[in-house]
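Heads up, the thing below is written out as structure tokens.
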Amino acid sequence: MIDPVEPLDDGRTPARIFPVGPAEIPLAVPRDPAHGDLATSIAMATARLAGREPRELAAELADRLRESLPAFVSRVEVAGPGFLNLHVRTSAKQDIVLRILTAGADYGRTDRGRGERVNLEFVSANPTGPPVVVSARAAAFGSTLANLLRASGWDVTCEYYVNDTGSQVAALGASLRARWRETRGEPLAIPDGGYHGLYLAEMAAAMDGAEAAAWDALPDAEATAAFAGYALERLGRQIRAQMETFRSPFAVWFSERALHDTGAVDAVLRLFEAKGLVYEKDGARWFRATDFGDDKDRVVVRRDGTPTYFLADAAYHKDKLDRGFDKAIDVLGPDHHGHVTRMQAIARAIGAPAGWLEILLLQWVTLVDGGETVAMSKRAGDFVTMADLVDEVGVDVARAYFLARRRDSHLEFDLALAREQSSKSPVFYAQYASARIAGVLRKAGEAGLAPADRRDLDDLAMREELDLVRQLEQFPDLVADAAEAREPNRLFNYLQDVATLFHKFYHEHQIVSEDDRLSRARLALCRATRQVLANGLALMGVEAPERM
RNA sequence: GCGCCCGUAGCUCAGCUGGAUAGAGCGCAUGCCUCCGGAGCAUGAGGCCGCAGGUUCGAAUCCUGCCGGGCGUACCA
């Protein structure tokens with residue numbers, strides 16, 4: 001309904017806006033339907049400049065607007081301290097119902113991203129243990145953001161960076177080896193910095209004895225590597241399966257070790273050297289991160305000659321750049337915010353354009369069971385895994401729980417609450433609306449009513465009906481805005497509002513009645529509502545059941 | 001010390017990049033199905049939006065400074 005008048009940013013100077021015609025006035029959709037369908041605060045913003053009273057100025061603007069009103073606007077009124085509220089013609093709202101039904105599953109798609117290629121990296125948790133709850137939050141966030149971006153015209157590649165080499169992996173190998181020896185009756189001796197989780201004991205118990213014995217007989221470094229390789233393979237498979245189950249698929253699983261093997265790490269080191277960004281001190285080689293605003297320089301090659309994770313990360317981002325992505329988004333866990341500056345330094349050092357790398361930080365998830373905080377430490381082996389969480393509350397509830405929160409809010413996940421009261425959990429509100437509509441449609445199908453045509457829709461004129469349409473109309477913009485702001489939680493909030501407006505409509509009006517024409521019209525509105533709920537829930541990776 | 005994030009109803013959290021009387025869920029109190037799904041709807045109690053300044057016609061929202069809480073500040077990843 002706002003096609004003929006593009007809403008504008010508020011960024012221009014009042015002097016430029018005031019003298020020109022109505023098409024240049026910035027418009028926004030008011031929260032409260034009583035305030036119209038489009039509104040502007042232009043009169044208040046420019047009153048002082050014009051030396052006039054806001055309401056008086058608004059009245060004059062309203063008169064001018066009325067002279068050249070777009071066809072879809074029915075009336076203009078001055079309200080409150082000087083707002084100009086535009087009301088959209090009822091017939092234009094009725095049109096929207098048909099537009100939604102025609103677009104079907106495509107309703108909500110736009111081309112705002114214009115095909116720009118985005119690399120979206122998220123989760124990327126070390127494969128040294130089963131994914132934990134924070135990974136579930138990252139998976140829910142990342143996959144939903146990917147869905148939103150794709151729906152809005154971006155070309156997105158979801159990527160998981162696998163840290164399959166380095167000291168953590170060596171510790172993993174040594175820990176598994178210790179667990180295996182334990183199965184042979186030796187005392188348990190997990191090395192310092194090793195992993196104490198029982199999952200390694202279970203893994204060790206299931207190992208092929210002859211093979212493991214052969215590995216154990218190798219020199220320490222080789223033995224550790226062999227056990228580590230075994231553990232990585234098993235854990236990697238587990239992680240992939242769980243991400244699939246959680247509806248968070250990745251197109252690329254990128255191996256850190258491959259960067260070393262192919263010489264990409266060496267290459268980026270030579271690149272930095274050629275740019276004069278590396279120097280030697282205390283036997284190690286340092287990257288001049290301070291040149292890029294970091295508070296200290298960073299080691300890239302240790303005294304013992306091995307490259308650091310930081311250097312591999314530089315090689316990794318160079319690889320993303322070389323693959324031609326217009327933009328790289330990294331979703332990082334809460335314990336990585338100290339990396340932001342140095343990673344931006346990397347981006348500039350590898351020659352990426354300004355703004356190419358975007359880093360999004362997620363905040364902590366505190367797991368609570370009843371009133372008790374559940375401790376989670378992968379190394380200490382005391383944790384609730386992502387799989388546990390899904391078993392307890394299901395994928396829908398878990399995803400919705402995470403998606404309801406802003407990414408930078410620390411969130412408390414109460415297992416007891418989610419488990420015992422899952423049927424009352426917020427996600428079911430929108431799902432229930434969807435199922436309720438499906439029920440009504442089934443009933444209508446039995447009554448043998450034909451689909452509505454445009455003339456039938458003339459009967460949609462009640463406030464609850466039009467408020468609902470007004471909400472449905474905003475879906476495509478909401479999706480694209482949420483994608484651009486990287487705020488999937490907006491989608492959750494929006495769907496809650498859709499459900500609320502539907503329930504109010506449902507409560508106030510009989511959908512299937514003796515009046516066939518009105519029944520057809522209301523059923524069309526129901527179908528359109530269900531379409532928006534289904535499309536929105538699909539973007540969230542949550543099911544929209546026919547029955548509950 | 002320095003840096004990042006967060007302080008909104010009893011609890012968990014929203015508040016759409018500055019708008020009109022600050023919202024939801026849970027919990028509490030009270031009404032609604034002889035009628036399409038009551039997992040719903042309606043009403044009520046409950047708020048110096050951490051504190052103090054500033055910008056603005058207008059601030060929960062932007063800026064500064066405090067006070068609280070979390071996290072980071074490795075030749076681990």
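Below, read A as the first sequence line, B as the second, and so on, with proteins coming before strands; counting in each chain starts at 1. Everything quoted here is computed from the prediction, not taken from an experiment.
- Here the P atom of nucleotide A39(B) and the CD atom of Glu543(A) are 20 Å apart, to the nearest Å.
- Using a 4.0 Å heavy-atom cutoff across all strands shown, Ala47(A) reaches no nucleic acid atom at all.
- Within 4.0 Å (heavy atoms only), Gly166(A) reaches no atom of the nucleic acid at all.
- Residue-level contact check: Gln363(A) touches the backbone only, with heavy atoms under 4.0 Å from sugar-phosphate atoms and none from bases.
- Comparing the C1' positions of G25(B) and G40(B) gives a spacing of 14 Å, expressed to the nearest Å.
- If you check C5(B), A77(B), G19(B) against the side chain of Ser41(A), the one that comes closest is G19(B).
- Pro54(A) comes within 4.0 angstrom of nothing in the nucleic acid, heavy atoms only.
- Among C6(B), A20(B), C36(B), the nucleotide with an atom closest to any side-chain atom of Pro30(A) is A20(B).
- Here Ala34(A) lies out of heavy-atom contact (under 4.0 Å) with every strand.
- Nearest-nucleotide positions on RNA chain B place Gly80(A) closer to the 5' end than the other of Asp282(A) and Gly80(A).
- At the heavy-atom level, Leu411(A) lies under 4.0 Å from the strands shown only through sugar-phosphate atoms.
- Put simply, CG on Leu57(A) is 12 Å from C1' on C57(B), counting in whole angstrom units.
- For His337(A), the listed nucleotide lying nearest its side chain is C4(B); candidates were C4(B), U12(B), C16(B).
- Looking at Glu60(A) and Arg52(A), a side-chain N of the basic residue comes within less than 4.0 Å of a carboxylate O on the acidic one, giving a salt bridge.
- Closest to the Arg48(A) side chain, of the nucleotides A20(B), C57(B), C13(B), is C57(B).
- Looking at heavy atoms from C-beta onward, His509(A) lies in side-chain contact with Met462(A) at the 4.5 angstrom threshold.
- Phosphate proximity of G37(B) to Arg442(A): absent, as no side-chain N or O sits under 4.0 Å from OP1 or OP2.
- Under 3.5 Å, the side chain of Asn85(A) and the base of A20(B) form at least one donor-acceptor pair of N or O atoms.
- With both ends at atom C1', the span from A9(B) to G23(B) equals 10 Å, rounded to whole Å.
- Ranking G15(B), G37(B), C71(B) by closeness to the Asn489(A) side chain, first place goes to G15(B).
- Arg547(A) comes within contact range of at least one nucleobase, with a heavy-atom separation under 4.0 Å.
- At whole-Å resolution of the value, CE in Met44(A) and P in A59(B) are 12 Å apart.
- Within 6.0 Å of CZ on Arg48(A) lie no more than 12 heavy atoms contributed by other residues, nucleotides or ligands.
- Here C6(B) presents its P atom at 10 Å from CG of Leu361(A), a figure rounded to the nearest Å.
- On the P atoms, U17(B) is 28 Å away from G3(B), given to the nearest whole Å.
- Ring orientation note: the planes of Phe292(A) and Phe287(A) are close to parallel, at an angle under 30° on the 30°/60° scale.
- Residue Asn493(A) has no polar side-chain atom (N or O) positioned under 4.0 Å from OP1 or OP2 of G23(B).
- Residue His503(A) places no side-chain atom within donor-acceptor reach of the base of A42(B), judged by atom type and a 3.5 Å distance cut-off alone.
- The nearest heavy atom of RNA chain B to Glu256(A) and to Glu546(A) marks one nucleotide each, and the one closer to the 5' end goes with Glu546(A).
- For the pair Met548(A) CE and G40(B) C1', the computed distance is 12 Å after rounding to whole Å.
- Regarding contacts with the backbone of A42(B), a side-chain N or O of Lys504(A) is found under 4.0 angstrom from either OP1 or OP2.
- C33(B): glycosidic angle within 90° of 0, hence syn.
- Going from the P atom of C4(B) to that of G65(B) covers 11 Å, rounded to whole Å.
- For the OP1/OP2 pair of A14(B) and a distance below 4.0 Å, the side-chain nitrogens and oxygens of Ser409(A) include at least one atom meeting the criterion.
- In this structure, Leu501(A) places its CG atom 13 Å from C1' of C41(B), rounding to the nearest Å.
- Stacking here means ring centres nearer than 5.5 Å and ring planes tilted less than 30 degrees, and by that measure Phe83(A) stacks onto A20(B).
- Residue Asp408(A) is classed as a sugar-phosphate contact, given heavy-atom separations below 4.0 Å to backbone atoms only.
- Taking atom C1' in both G7(B) and A14(B), one finds a spacing of 15 Å when rounded to whole Å.
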Is there a ring pair (Phe, Tyr, Trp, His ring centres under 6.0 Å) between Tyr316(A) and Phe254(A) once you walk through the steps? CA-CA 9 Å; Tyr316(A) 178 40; Phe254(A) 200 101; 4.7 Å; yes
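- Side-chain proximity of Glu412(A) to A77(B), C13(B), A39(B): nearest is C13(B).
- The C1' atoms of C63(B) and U56(B) are separated by 12 Å, rounded to the nearest whole Å.
- Within 4.0 Å (heavy atoms only), Ala482(A) reaches no atom of the nucleic acid at all.
- Counting to the nearest Å, the P atom of U17(B) and the CZ atom of Arg31(A) are 10 Å from each other.
- Spacing between G10(B) and G50(B) at atom P, rounded to whole Å, works out to 13 Å.
- Of the charged side-chain nitrogens involved, none lies within less than 4.0 Å of a carboxylate oxygen, so that Asp297(A) and Arg288(A) do not count as a salt-bridged pair.
- One atom, CD of Gln496(A), and another, P of C16(B), lie 17 Å apart when rounded to the nearest Å.
- Between Tyr429(A) and C41(B) there is a side-chain N or O to OP1 or OP2 distance below 4.0 Å.
- Atom CZ of Arg490(A) sits in a crowded spot, with more than 12 heavy atoms from other residues, nucleotides or ligands closer than 6.0 Å.
- Between Phe502(A) and Phe505(A), the ring-plane angle classifies as perpendicular under the 30° and 60° cut-offs.
- Within the structure, a side-chain polar atom (N or O) of Arg406(A) is placed less than 4.0 Å from OP1 or OP2 of G15(B).
- Taking the side chain of Arg405(A) as heavy atoms from C-beta on, and the options A20(B), U73(B), A14(B), the nearest nucleotide is A14(B).
- For the pair Ile437(A) and Cys526(A), the tightest heavy-atom approach, listed with the atom from each and the gap, is CG2-O, 3.5 Å.
- Among the heavy atoms of the strands lying under 4.0 Å from Val440(A) are primed sugar atoms or P, OP1, OP2 only; no base atom is included.
- Rounded to whole Å, the separation between the C1' atoms of G53(B) and G69(B) comes to 23 Å.
- Of all nucleotides listed (A77(B), G69(B), G19(B)), G19(B) comes nearest to the side chain of Ala45(A).
- Taking each heavy atom of Gly173(A) and Phe227(A) in turn, the nearest pair found is O-CB, 3.4 Å.
- Stacking of the aromatic ring of His507(A) onto the base of G40(B) is not found under the criterion of centres within 5.5 Å and planes under 30°.
- Here C75(B) is the nucleotide among C36(B), G70(B), C75(B) with the atom lying nearest to any side-chain atom of Val299(A).
- Distance from the side chain of His410(A) is smallest to G69(B) among C75(B), C36(B), G69(B).
- Base pairing annotation: G65(B) forms a Watson-Crick or G-U wobble pair with C51(B), both donor-acceptor distances under 3.5 Å.
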